Structure formats: structure tokens, C-alpha cells
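Every value quoted in this text rests on a predicted model; they were computed, and no experiment measured them. This chain uses plain numbering: 1 for the first residue, then up along the sequence.
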Amino acid sequence: MTAREIIQKKRDGKTLTESEINFFIHAYLTGEIADYQMSALLMAIYFQGMSFDETVTLTRIMRDSGEVVDWSHLPGAKVDKHSTGGVGDKVSLILAPLVAAAGVYVPMISGRGLGHTGGTLDKLESIPGFNTRLPIPRFKKLVEEIGACLIGQTEAICPADRRIYALRDATATVQSIPLICGSILSKKMAEGIDALVLNVKVGNGAIFEDAGAAEKLATHLVRTAAAFNLRTVALLTDMSQPLGAAVGNWVEVCEAFDVLKGGGPQDVRQVTLALGALMLQLAGKTKDLQSGVNQLRPLLDDGAAWQKFLEIVKAQQGDTSFVEYPEKYPAPKHRREVKAEADGYVTAINAREIGRLCMLLGAGRKTVEDKVDYTAGMFIHKKIGDRVRRGEPLVTLQSSGQPPDDEFERAVRSCFTIGTRPPATASRLIQKLLDVNGARSVSEIE
Ligand code: URA
């Protein structure tokens, strides 16, 4: 069997066998298969898809490309959450310490920015010194002692996703259901968790913009997880505009501080509490979602989640002085306001384009090798439904690389649709809850 034959088979829409997938992934990891061949296979999968059985096989082989963490010595549920990616989505930074403060173990393996969406690892690494590449024994020790630890895929843990994830970003092969299932579930299962909450985003800033496609992704994710007996639910939430006000790395980390201290934007707080309540429910710590929210809310308001976050930063070698005194952080070299050119109401925001422009500003990578400018980001001053007056700022841009020019400013402004009236309907922030039995609305946690 050769790489070329396997690529050709998938290119022609045929089903790959377990030994073909296994050969391809392992030969890629040992360097016998080159990036260009893996890129070709990813593109073939993107166009031809994979059967359910192929997706399960891919997920298992990716998970087993490294170690699966064993928690048999540690009683108590280990539960994690993963998002399919959004713009301004800083929820993991808040959720891990919050749920750990409620007494549930959260061993979290996250990813970097992908396409127009940001990544938890890049955000965490914007904290000077923060180490997301811990060896497994240290990862286990910190989860045991503190309740949560946040790391990335390494050579020891899910190396297949580490390599393929970066390649997908650079080869426009992110929007593929089998590849997303393989990527998310392989690294989550490598954590050795008992249950998983997925946050599937819906709207123009999501991986899949269309609600039907997002629900299809959620269904595939929970069914694939069920094939491994991993209890999984998916919460579908709105991504038709950035979550919160901050988009970027350090700016999002700072917004997460606000929420961890009991303040911050309502939408970020609400999504975090809903996901946290689901995690508590899967851990057997609450009977219904509303009581889960009631358990978690005080932990944000009384500083317990914030203290837990400080503990995590310190344990992962982050410099907590920047966390306690964010004004110490290097200031961005450039700031520019993008102002409204007409009076009216914001009726739509192109969140995908905001994410893409933020990446171009320096907050993400155009190529695998690009270095991230942690100071780069945007503050969104006006959200859907808000009234604006001509000359009022819509967005503040900041960066330390090339200063944003007039053309860039125009591109940011054109992400906003300003109408004469407020929009007739607004997307619901928390839309549906989905498990293997189907979808239902979740009005009880609003
Ligand atoms: N998050 C992941 O970890 N992988 C994907 O493919 C998409 C979102």
C-alpha cells in the first residue's frame, strides 16, 4: 500500500479500511508521508467525506497516536468541554477554573487558533510564562491537586491531532465533519475523561454558518462519542456576532478576568454558566441545569473561580503579576478607532470577517510558522440591536505589527450592517441541547 494509492482511493469516493487509515496516520507521524501528501488526503476527505465507521476508526487511531491518560487512581468525575470554535470565545478560560472550583476535575486539552477562530492555547500563552506543554505526569498532578490543568496536544498526547490540526488550518480543510470529529474527540478522549460537553457554535462566525449544518455536526459528534461510550451532550449557541466585546488573545484573557471576578459581558457569562451547569450535571453534581447555574453563579461572584484561575496560572508557570495587574502588560504600538458613518441600529455583524481581520491584524496565523502578536485584537463597542450615531466608535483596533491602514479600517467597518430600525428578530444565545436521543430547546437555563 502506498500513500498515493490511499489518496487516490479517497479522491475517488471509496471507503478507506482501518489498516489504510492506520498506515497513513502513522507514516505521517514518522515522517515517511510528507505534509503535501497528508494535505492531499485531507482535501480528498473534505470533498468525499467519510462513512460513520471510517470516522470512528480515524478518531480511534488519532486518539491512540499518543497516550490516553489513566485516572483510575483518582475517584470523582473528570469532565471537559470543547467548542467547535468561534470569534471572541474565551469561555474555556473561565469554565475550567469555575467547574474545578465546584469540585469537578477538568483535564483540558485545547487547540490553537484555527481559520478565522481563536484558540485557547494562544490565549493562555499570551500570559507571560504560561506553559501549555506539560509532560503527562505533571498534567495529572495538577489536575489532582488543583482540579484543572490546560494543555495542548503534544508528542505524547494526541500527536496526530497536533500535526493535522495545524495543516488543516493552512490548507482550508477545516470545515469537514469527519475531520472535526476526529480532531475534537481524539484529543478529548486522550484526556481519559468520563463525560464531555460540546459547544457547537451556530451563525456566520462558526465553523458551519448554517443552523442545519451545525446541528448535523453536533449529531455526528455525539454519535461518534457514543461509539466510544463517552457520555456527551452538545449545546448549540449563537455565533452570529462575536461573543463578548474582546476579540484577540491578551484582550480576551483580560475579558475572561472580568467574568471570573463576577462582571464581564452578559453573553459570555451566560454561555459559561450554561456549559458549566451541563458539566456539573454529567458529573452527577446537580439534578437539573438551573440548579447547576445556581451552584456556579456564586463562585463567579465571590471570587472562588478567580482564585482557582490564579492557582492554575501559577502552577503552569504563568506570571501572575500580569494577571493581577494587567496594566503591566506591554501596550500595543498602534490603536485605531473605526467609527460609524451613519446613524441607525446595528442589524448584523459579519463575525467570520471580524475573526479573519483579527487574524490579519496579528492575532492569528496565516501560515503554520507565523508568530502571533498577543497584543493584537479588537474591542467591539456595538453589538446587534445597539443604537449608533454617526462618528461613534464601532470597534477599537490594536496591534504591535503593521499599523492598520485606511483600507483595513474600511474592511472592519463593512463588517457592520447599520439599518434605520433595530432588527425584527434576534438569534437566541442558547439555542438547543443535543444528545444521542435528539435535540431539545433549553429555556430552563436562561
Ligand atoms: N476544534 C478542534 O479541536 N478541531 C476542529 O477540527 C475544530 C474545532
Side-chain angles (χ1 to χ4, degrees), residues 83 85-93 110-133 150 152 162 165-170 172 174 205 242-258 313 316-323 325-338 350-381 393-413 415:
S83 156
V87 178
D89 182 4
K90 65 280 296 170
V91 167
S92 291
L93 304 175
S110 301
R112 298 194 179 277
L114 199 58
H116 65 283
T117 65
T120 301
L121 289 186
D122 295 324
K123 290 170 206 176
L124 286 170
E125 286 175 2
S126 73
I127 302 171
F130 196 101
N131 187 354
T132 60
R133 295 181 59 97
L150 298 95
R162 190 167 95 87
Y165 189 88
L167 202 57
R168 282 171 59 215
D169 191 22
V174 171
L243 192 66
V247 185
N249 291 300
W250 178 246
V251 290
E252 286 195 41
V253 171
C254 291
E255 193 166 83
F257 297 164
D258 295 340
V313 173
Q316 295 197 231
Q317 298 148 34
D319 184 338
T320 49
S321 70
F322 288 97
V323 176
Y325 307 101
E327 60 282 2
K328 261 186 70 178
Y329 207 73
K333 291 206 180 97
H334 318 288
R335 275 211 175 91
R336 183 165 180 153
E337 281 190 340
V338 179
N350 186 340
R352 174 173 297 259
E353 186 60 5
I354 292 277
R356 194 187 72 87
L357 291 167
C358 210
M359 181 262 287
L360 293 180
L361 203 56
R365 297 175 191 77
K366 290 191 273 307
T367 68
V368 178
E369 295 82 24
D370 274 359
K371 270 201 133 13
V372 170
D373 168 8
Y374 292 127
T375 66
M378 300 188 188
F379 292 98
I380 315 289
H381 302 297
L394 293 169
V395 178
T396 302
L397 310 174
Q398 61 171 57
S399 66
S400 299
Q402 285 282 75
D405 59 12
D406 294 349
E407 196 187 327
F408 194 90
E409 181 180 325
R410 274 195 296 279
V412 174
R413 187 178 297 107
C415 293

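- For Gln398 (side chain) and Pro332 (main-chain N/O), no donor-acceptor pair under 3.5 Å exists by modelled atom type.
- For the atom pair Phe257 CZ and Glu252 CD, the distance stands at 12.0 Å (nearest 0.5 Å).
- Side chain of Asp373 to main chain of Ser400: a donor-acceptor pair is present (N/O by atom type, distance under 3.5 Å, no hydrogens or angles).
- Between atom NZ of residue Lys123 and atom OG1 of residue Thr132 there is a gap of 14.0 Å, rounded to the nearest 0.5 Å.
- Between Val253 and Ser126, the shortest heavy-atom contact is CG2-OG, 3.6 Å.
- Applying the 6.0 Å contact sphere to NZ of Lys328 captures more than 12 heavy atoms from other residues, nucleotides or ligands.
- At least one side-chain heavy atom of Leu357 sits under 4.5 Å from a side-chain heavy atom of Cys415.
- For the atom pair OG1 (Thr375) and CZ (Arg335), the distance works out to 9.0 Å, reported to the nearest 0.5 Å.
- When all heavy atoms of Arg356 and His116 are compared, the closest pair comes out as N-CB, 3.8 Å.
- Of all heavy-atom pairs spanning Phe130 and Leu124, the tightest one is CB-O, 3.3 Å.
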Quick one: do Arg365 and Asp122 satisfy salt bridge (Lys or Arg N to Asp or Glu O under 4.0 Å)? Show the steps, please.
CA-CA 10 Å; Arg365 297 175 191 77; Asp122 295 324; 2.7 Å; yes
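- Under the 4.5 Å side-chain criterion, counting only non-hydrogen atoms from C-beta, Glu125 is not in contact with Val372.
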Going through the distances and angles, do Thr396 and His381 end up as a side chain to side chain contact (heavy atoms under 4.5 Å, CB included)?
CA-CA 8 Å; Thr396 302; His381 302 297; 2.6 Å; yes
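- The pair Asp406-Arg336 meets the salt-bridge criterion, since a charged nitrogen lies less than 4.0 angstrom from a carboxylate oxygen.
- The two residues Met378 and Val412 have their closest heavy-atom pair at CE-CG2, 4.2 Å.
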Walk me through whether Phe408 and Leu361 qualify under side chain to side chain contact (heavy atoms under 4.5 Å, CB included).
CA-CA 9 Å; Phe408 194 90; Leu361 203 56; 3.7 Å; yes
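- The minimum heavy-atom distance linking Arg133 with Arg162 is given by the pair NH1-NH1, 3.3 Å.
- Judged purely by atom type and a 3.5 angstrom limit, Lys90 uses its side chain to pair as donor or acceptor with the backbone of Leu243.
- Between Val251 and Val247, the shortest heavy-atom contact is CG2-O, 3.4 Å.
- Ring geometry for Trp250 against Tyr329 counts as parallel: the plane angle stays under 30°, on a 0 to 90° scale with 60° as the upper cut.
- By the 6.0 Å contact criterion, CD on Glu407 is open, its count of non-hydrogen atoms from other residues, nucleotides or ligands being 12 or less.
- In this structure, the side chains of Asn249 and Tyr374 come closer than 4.5 Å at one or more pairs of heavy atoms.
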Side chain to side chain contact (heavy atoms under 4.5 Å, CB included) evaluation trace for Leu93 with Thr120
CA-CA 7 Å; Leu93 304 175; Thr120 301; 4.0 Å; yes
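- For the pair Thr117/Asp89, no side-chain contact is recorded, criterion being any heavy-atom separation below 4.5 Å from C-beta on.
- You'll find the side chain of Pro404 reaches within 4.5 Å of the side chain of Ser399, heavy atoms only.
- For Glu337, the CD atom counts as densely surrounded, since its 6.0 Å shell holds more than 12 non-hydrogen atoms of other residues, nucleotides or ligands.
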